[in-house]
Trainee: 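Okay, here's the structure, questions in a sec.
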Amino acid sequence: IMKVLVFGGSFDPVHKGHVALLKQAIKQIAPDVTHIVPAYHSPFKAKSPTPFRLRMQMLKQAFSGMSKHLVFDDYELRRGGKTYTYQLINYLLKRYKNPQIYLLVGTDCLNDLHNWKNPQVIFDNAIVVAGKRKGYNENPARFNHIFLPGFFPKLSSSRVRAHIWMSGSVPTTVPAQIIQTIYKNKLYGLSVHEWLKAHLKPNRYIHSQSVAELAGALSDIYDVNVETAVRAGILHDAGKGFSGPELVRFCRTHKIRVP
């Protein structure tokens, strides 16, 4: 029986938590082949503004060399639109003869799998492999699953994006191999920081960063989307250096209604 490990997600961007999870899964499962499947449009999220090709490029940079049998699979790009996990499982069942499929997920997903579309297809045809975070209250799932040994860092791509939007710098929570790709392509608000540095006085720019940092902290307290909060913070003084006529012209150029 061929063991097929599959790891899907938006990976926007891939971070060190993803790397640690995949490394441990490959070590424990010893798969014959591992499919890395970035989402084209996740059913649970708005479509990523980060181009698919760049997310795939960062995955190759972060994961290459981890195993000789990695397949960086553009299945979801080829399908277009939203792809559900049960469709991915069916695709692998057709691609390989009698495979034993291992679906790699984080603990958060494990608790919610029964709410996914057509979950029985997943439960009947795959073993779910999950990594645990410290503080996780184990509630044994009623389907075939295994936990990887140890604990994994509590990281999220949304927090990475928020950090970059807030500070204009890439955090150390992403693999070193992808940092230059993020800077080169000015992802996750870096182009905005470039614009702000060119249009705001240095002290005003530093002030905006501080406001964005405070907005991020308050987002946790008031249960507000952290990315939305830090974007509002970093941009709140963006028009400070404009004259009245310049502001009006900017609004008309960008189709913003002038009061």
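Predicted model, so just to flag it, every value in this text is computed and none were measured.
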Trainee: Strictly distance-based, threshold 3.5 Å: is any side-chain N or O of H15 a donor or acceptor partner for the main-chain N or O of V160?
Mentor: no
Trainee: Just wondering, do L5 and V33 contact through their side chains at under 4.5 Å, heavy atoms?
Mentor: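 When only atoms from C-beta onward are counted, L5 and V33 do not touch, as no gap falls below 4.5 Å.
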Trainee: With a 3.5 Å cut-off and no angle check, do the side chains of E246 and S243 form a donor-acceptor pair?
Mentor: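 On atom types as modelled, these side chains qualify, holding a pair under 3.5 Å.
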Trainee: State which residues pass salt bridge (charged side-chain N to carboxylate O under 4.0 Å, His left out) with K3; sequence neighbours excluded, sorted by chain then number.
Mentor: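 Testing K3 for salt bridge (charged side-chain N to carboxylate O under 4.0 Å, His left out), a comparison that skips the adjacent residues, returns none.
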Trainee: Cluster partners of L218, using ILVMFWY side-chain heavy atoms under 4.5 angstrom, listed by chain and number?
Mentor: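 Grouped by the 4.5 Å side-chain rule, L214, I221, Y222, V224 form the rest of the cluster around L218.
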Trainee: Taking the ring of Y96 and the ring of H35, is the distance between their centroids below 6.0 Å?
Mentor: yes
Trainee: For the CG atom on N203, are there more than 12 heavy atoms of other groups (residues, nucleotides or ligands in this structure) within a distance under 6.0 Å?
Mentor: no
Trainee: Do other residues, nucleotides or ligands put more than 12 heavy atoms under 6.0 Å from the CZ atom of R252?
Mentor: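 For R252, atom CZ is not crowded (no more than 12 foreign heavy atoms under 6.0 Å).
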Trainee: With a 4.5 Å cut-off on side-chain heavy atoms, are L187 and M58 touching?
Mentor: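 In contact.
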Trainee: Would you call R159-D220 a salt bridge at under 4.0 Å N-O?
Mentor: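 Looking at R159 and D220, the cut-off is met.
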Trainee: Could you tell me how the ring of F147 sits relative to the ring of H145: parallel (under 30°), tilted (30 to 60°) or perpendicular (over 60°)?
Mentor: perpendicular
Trainee: Are side-chain N/O atoms of S167 and Q209 paired as donor and acceptor at under 3.5 Å?
Mentor: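 Distance-only check fails for S167 and Q209.
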Trainee: Decide if atom CD of E213 counts as having more than 12 heavy atoms of other residues, nucleotides or ligands within a radius under 6.0 Å.
Mentor: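 Result for CD/E213: open.
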Trainee: Can you give the donor-acceptor pairs under 3.5 Å from side chains of residues 37-46 to other protein atoms, not counting sequence neighbours?
Mentor:
residue	atom	partner	partner atom	Å
H41	NE2	K45	O	3.2
H41	NE2	K47	N	3.4
S42	OG	F44	N	3.2

Trainee: Check whether any side-chain N or O of R161 sits under 3.5 Å from a backbone N or O of I164 as a donor-acceptor pair, and report yes or no.
Mentor: no
